[in-house]
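Letters go in sequence order (proteins before strands), and every chain restarts at 1. All values below were derived from every heavy atom in this structure, side-chain atoms included, with hydrogens, water molecules and symmetry-related copies excluded.
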Protein chains: 2
Amino acid sequence: MTVRVVLVDDHHMFRTGVRTELLEAAPGFIDFVGEAANVEDAVSVIRREEPDVVLLDVHLPGGTGHGGVDVIHGCLGVETAAGAPVRFLALSVSDAAEDVIAVIRAGARGYVTKTISATDLASAIRRVADGDAVFSPRLAGFVLDAFGVAAGEIAEVDEELDRLSAREREVMRLIARGYQYKEVAKELFISVKTVETHVSSVLRKLQLSSRHELTAWAMGRRLI
Amino acid sequence: MTVRVVLVDDHHMFRTGVRTELLEAAPGFIDFVGEAANVEDAVSVIRREEPDVVLLDVHLPGGTGHGGVDVIHGCLGVETAAGAPVRFLALSVSDAAEDVIAVIRAGARGYVTKTISATDLASAIRRVADGDAVFSPRLAGFVLDAFGVAAGEIAEVDEELDRLSAREREVMRLIARGYQYKEVAKELFISVKTVETHVSSVLRKLQLSSRHELTAWAMGRRLI
DNA sequence: CGTGCCATGAGGGTCGCCCCTGAGGACCCC
DNA sequence: GGGGTCCTCAGGGGCGACCCTCATGGCACG
């Protein structure tokens, strides 16, 4: 039985490469029913085609800048004709923990890097379509760490981030980018004093002591 | 007359995409005589095949970590059977000025991003083989700025950096990394007041107005 | 209906950042 | 020996960053 696949990547030639190699490596197994090069197109194609599996690049133009995460969020609840949920398999050049965690939290069922061979990719697609989760060997370790019982450092990061309120995260992002308090105040239409309060809370909650450490913290987690 | 091409990219599927699309878009025009996925293989394939054009990803595993630049440096003086130099055409996801400048300085004859269409890429290869230089429209501007008579901002970067004294550069590096004046003073065994003087000089010479801009400036030039 | 969290904002204080002026000693070049 | 540049340092002032306490109103949870 064939697997209906939508392919999302902003590089046309990479899409051709994936298509060509998969059709050669596993003839008749995959039915490519759509492609997209940005977040908006991806969401509409997926909603229209209701594929079994979406092959998805993590870094995409469009949306709020979170690429693959935005696509998945935009397709919550979409089901195939058979009633199974649409499965997402992330296909990325990045093996950064933050990217992996983000897209898995968003709901992807697997994550493989673009160095994968065509035959391995074909079997990964088959397994994801069947409901399995698939990860490149190098990634499997810390994915288990992050979601397992003994939560490692990656999981703790998000716990810390979760302790911040929405407004605090908003202020934090601007401060980490080098905005002055005055500029943040103008941007968010609040007073400088309120900005100071939020910044103090953020620094206290994250156990940091200056905006420079905050910048380093945010950069280390690819939040900016 | 066909153009002999070597294709260097660390993603197997992207290579397939390029091959497939170019053979479709311009049948009989290109003769793919070799491929490589890392710096070492690329150099040996190019030396063996002596192609007319090398299509080259900027970011590659192997070598000293400078990817495409290492490949070009490793192939200095290699000529085709006809006696023409081997031409390099960079093909990259990055449109960062630093990447472009670095690979052009190393000797590449062109730089196009991976969003290019197959027909445009085919004509770019033709022109590079003929000795022309080819750049994506978005990149052409600052490449000309950087290498032209009226040196633009990229060329000035080094001039600006040269205007700093050795001590000033030293202080700048620490400040840009987020060190406080006190910490810089302790690190360099000088007084806080001296640090202030140096920082003022640096900011004035670089026409910046705060340590945050300095951080951004230094990061943009990969100095930290 | 109290309790708590959140967003907002104020007053007041310490300290860091950045600027200006000024100055002495070391070194180099003509 | 007199510019020129660099490194060193000081005083003083304006303003931003960060802290503390305190106060208000909204909203949710029990």
Calculate the interatomic distance between R169(B) atom CZ and dC6(D) atom C1'; express it in whole Å. 13 Å

When you measure from the side chain of R211(B) to the backbone of I175(B), do you find a donor-acceptor pair of N or O atoms at a distance under 3.5 Å? yes

Before you tell me yes or no, could you show the steps for K193(A) and E196(A) under salt bridge (charged side-chain N to carboxylate O under 4.0 Å, His left out), namely the whole-Å CA-CA distance, both residues' side-chain angles and the distance that decides it to 0.1 Å? CA-CA 5 Å; K193(A) 274 302 188 182; E196(A) 289 187 20; 3.5 Å; yes

Roughly, in whole Å, what's the span from CD1 in I175(B) to C1' in dC18(C)? 11 Å

B/S/- along nucleotides 23-30 of chain D (protein heavy atoms under 4.0 Å) is --------

Has the side chain of E187(B) got a donor or acceptor atom that lies under 3.5 Å from a matching backbone atom of V184(B)? no

Are T197(B) and S200(B) close enough that a side-chain donor and a side-chain acceptor fall under 3.5 Å? no

In this structure, how many angstroms lie between the C1' atom of dG16(C) and the OH atom of Y179(B), rounded? 18 Å

I want to verify a distance call: between dA7(C), dC6(C), dA10(C), whose nearest atom is closest to the K193(A) side chain? dA10(C)

For the pair made of CG in L203(A) and C1' in dC19(D), what is the distance, rounded to whole Å? 10 Å

Under 4.0 angstrom between S200(A) side-chain N/O and dC18(D) OP1 or OP2: no

Okay, side chain of R15(B), backbone of D9(B): is any donor-acceptor separation there less than 3.5 Å? yes

Starting at the 5' end of DNA chain D, which residue's closest nucleotide do you reach first, H212(A) or R167(B)? R167(B)

Donor-acceptor pair, distance only, cut-off 3.5 Å: does the side chain of T215(B) make one with the backbone of A176(B)? yes

Closest to side chain of K205(A), choosing from dC6(C), dC18(C), dG9(C): dC6(C)

Can you say whether a donor on the side chain of E196(B) sits under 3.5 Å from an acceptor on the base of dC9(D), or the other way round? no

Please list, by residue number, the residues of residues 180-190 of chain A whose heavy atoms come closer than 4.0 Å to an atom of DNA chain C; answer none if no residue qualifies. I190(A)

Sub-3.5 Å donor-acceptor pair from the side chain of E183(B) to the main-chain atoms of Q180(B), do we have one? yes

I need the CD-P distance between Q207(B) and dC19(C), as an integer number of Å. 13 Å

Would you say the base of dC18(C) and the side-chain of S210(B) have a donor-acceptor pair closer than 3.5 Å? no

Let me know the distance between CZ of R204(A) and C1' of dA17(D), rounded to the nearest Å. 17 Å

Can you check the L174(A) CG to dA17(D) P distance for me, whole Å? 13 Å

From dT8(C), dC7(D), dC17(C), pick the nucleotide closest to the side chain of R211(B)? dC17(C)

Whether T197(A) contacts dT8(C) is assessed here as follows: a side-chain N or O lying under 4.0 Å from the phosphate OP1 or OP2. Is that the case? no

Is there a donor-acceptor pair closer than 3.5 Å between any side-chain N or O of E168(B) and the backbone N or O of L164(B)? no

In whole angstroms, the gap separating P of dA10(D) from NE2 of H198(B) amounts to 13 Å

Between T194(B) and dC9(D), is there a contact of a side-chain N or O with OP1 or OP2 at under 4.0 Å? yes

Would D57(B) and K114(B) satisfy salt bridge (charged side-chain N to carboxylate O under 4.0 Å, His left out), going step by step from the backbone distance to the final call? CA-CA 9 Å; D57(B) 190 5; K114(B) 286 186 176 176; 3.4 Å; yes

Working note: E50(A) + R4(A), criterion salt bridge (charged side-chain N to carboxylate O under 4.0 Å, His left out); need CA distance, chi angles, decisive distance, verdict. CA-CA 8 Å; E50(A) 298 177 342; R4(A) 289 164 47 82; over 6 Å; no

Can you check whether S165(A) has a side-chain N or O nearer than 4.0 Å to OP1 or OP2 of dA7(C)? yes

